[in-house]
Amino acid sequence: MTNPEIERIKTALPGWVEAGKPFASEGKVASYIPELSKAPKEALGIALISKDGETIAAGDADLSFTMQSISKVFTLILALMDNGEELVFSKVGMEPTGDNFNSMLKLELVRPGIPFNPLINAGAITVSSLIEGADAADKSARILHFFKELAANDCLDYDMAVYRSESETGDLNRSMAYLLKDNGVLNGSVDDVLDVYFRHCSINVRCADLARMALVLACDGTDPLTGQTLIPRRYVQIAKTFMTTCGMYNASGEFAIQVGLPAKSGVSGGILTLVPGRFGIGIVGPALNAKGNSRAGVRLLETMSQELDWSMF
Ligand SMILES: NC(=O)CC[C@H](N)C(=O)O
């Protein structure tokens, strides 16, 4: 039986992507991690996977890119699976900051030492320290294994050039980690925690990988294509709530109004989003707007949400 929504997307998607592409010229590719500046500025690609396994892709969907902040959603889930809610939320809060993703302002001003939420850098670095494992290498191996399962792709691996580039230049994250350590929030050595963090940020993916990971969230933790439950439903609920309130950094309110779906972006220009119960979606568009979200990617999602009436609200 044909699904009219899927047929509509198949027909219209190439046109929506073409209409979104020019918006990339309003954005800038991130360069504070020098290796990221090599990404093609004008690119825009998307892949969707439906709960019945139908994949639809358009534009530069084959471009590979690093997950960056998108990985924070899944390390949070793994930390919750490893430690439970009580412990995780004794180290990291549940509120949006309204500040940039790499700001350390509120670490000192309000509730000293505890990051506001797990999707800002300070929160995600704290979450990295909560991943179970004998040492940093073991923790990173567990994260990579979990991501491979969620993406149903055994070939996922690090982009070592991006990893090295961030390790060499990540002094702001390093200073944040020292502050967290001094406040008694971080377990383990700062170098080890940052190694785990930089590695999961540099896991290389394509749009279809993000779409498959998002599909698991869209289906409450069970991969509908294998029937395997990979995440307890409660932790999916927590992750999707953070994506809605903090996933697009300090543009999450605007995104909730214009698009109305749980989403997470990264500075490589990736966006992972989902339509509850129906689709997992991965997007890449390396040119970013002032808040650090893919300019053309956000535009494409605004169009799709309006055309397909996707807002949850
Ligand atoms: N917003 C992002 O994607 C930030 C992730 C990046 N690895 C950083 O720590 O700066």
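We count ligands from 1, going down the list as the structure has it; atoms in each ligand are counted the same way.
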A.B. asks: Can you tell me which residue and heavy atom of the protein come closest to atom 4 (C) of ligand 1, and the distance to 0.1 Å?
C.D. replies: S69 OG, 3.1 Å
A.B. asks: Is V196 linked to V162 within one hydrophobic cluster, defined over Ile, Leu, Val, Met, Phe, Trp and Tyr using a side-chain heavy-atom separation of less than 4.5 Å?
C.D. replies: no
A.B. asks: Should D223 and R212 count as an ion pair when the cut-off is N to O under 4.0 Å?
C.D. replies: yes
A.B. asks: Which heavy-atom pair separates I238 from L76 by the least distance, and what is that distance?
C.D. replies: CG2-CD2, 4.5 Å
A.B. asks: Taking N3 for its side chain and E5 for its backbone only, find out whether a donor-acceptor pair lies under 3.5 Å.
C.D. replies: yes
A.B. asks: Below 3.5 angstrom, do we get any N/O pair linking Y249 and ligand 1?
C.D. replies: yes
A.B. asks: Taking the side chain as every heavy atom from C-beta outward, state whether I271 and L300 have any pair of such atoms under 4.5 Å apart.
C.D. replies: no
A.B. asks: Heavy-atom contact check, 4.0 Å cutoff: does Y197 meet ligand 1?
C.D. replies: yes
A.B. asks: Relative to the heavy atoms of E166, which atoms of ligand 1 are at a distance of less than 4.0 Å?
C.D. replies: 6 (C), 7 (N), 8 (C), 9 (O), 10 (O)
A.B. asks: Any idea which protein heavy atom is nearest atom 7 (N) of ligand 1, and the distance to it?
C.D. replies: Q68 OE1, 2.6 Å
A.B. asks: Can you tell me which portion of I70 lies within the under-4.0 Å heavy-atom range of ligand 1? Options are side chain, backbone, both, or neither.
C.D. replies: neither
A.B. asks: Ligand 1 and K72, any nitrogen or oxygen pair closer than 3.5 angstrom?
C.D. replies: no
A.B. asks: Any nitrogen or oxygen of C201, main chain or side chain, under 3.5 Å from a nitrogen or oxygen of ligand 1?
C.D. replies: no
A.B. asks: Where does the angle between the aromatic ring planes of F147 and F74 fall among parallel (under 30°), tilted (30 to 60°) and perpendicular (over 60°)?
C.D. replies: perpendicular
A.B. asks: Does the cation-pi check pass for R199 over Y158, that is, NZ or CZ under 6.0 Å from the six-membered ring centre and within 45° of its axis?
C.D. replies: yes
A.B. asks: Mark up the atoms of ligand 1 that fall under 4.0 Å of a heavy atom belonging to G266, in ascending order.
C.D. replies: 3 (O)
A.B. asks: May I ask you to list the atoms of ligand 1 that are less than 4.0 angstrom from any heavy atom of Y32?
C.D. replies: 4 (C), 6 (C), 8 (C), 10 (O)
A.B. asks: Only one of V73, L217, I281 forms a side-chain contact (heavy atoms from CB on, under 4.5 Å) with L272, so which one is it?
C.D. replies: L217
A.B. asks: Going by the atom numbers of ligand 1, which of them fall below 4.0 Å from some non-hydrogen atom of N173?
C.D. replies: 8 (C), 9 (O), 10 (O)
A.B. asks: Would you check whether N121 reaches within less than 4.0 Å of ligand 1, judged by its heavy atoms?
C.D. replies: yes
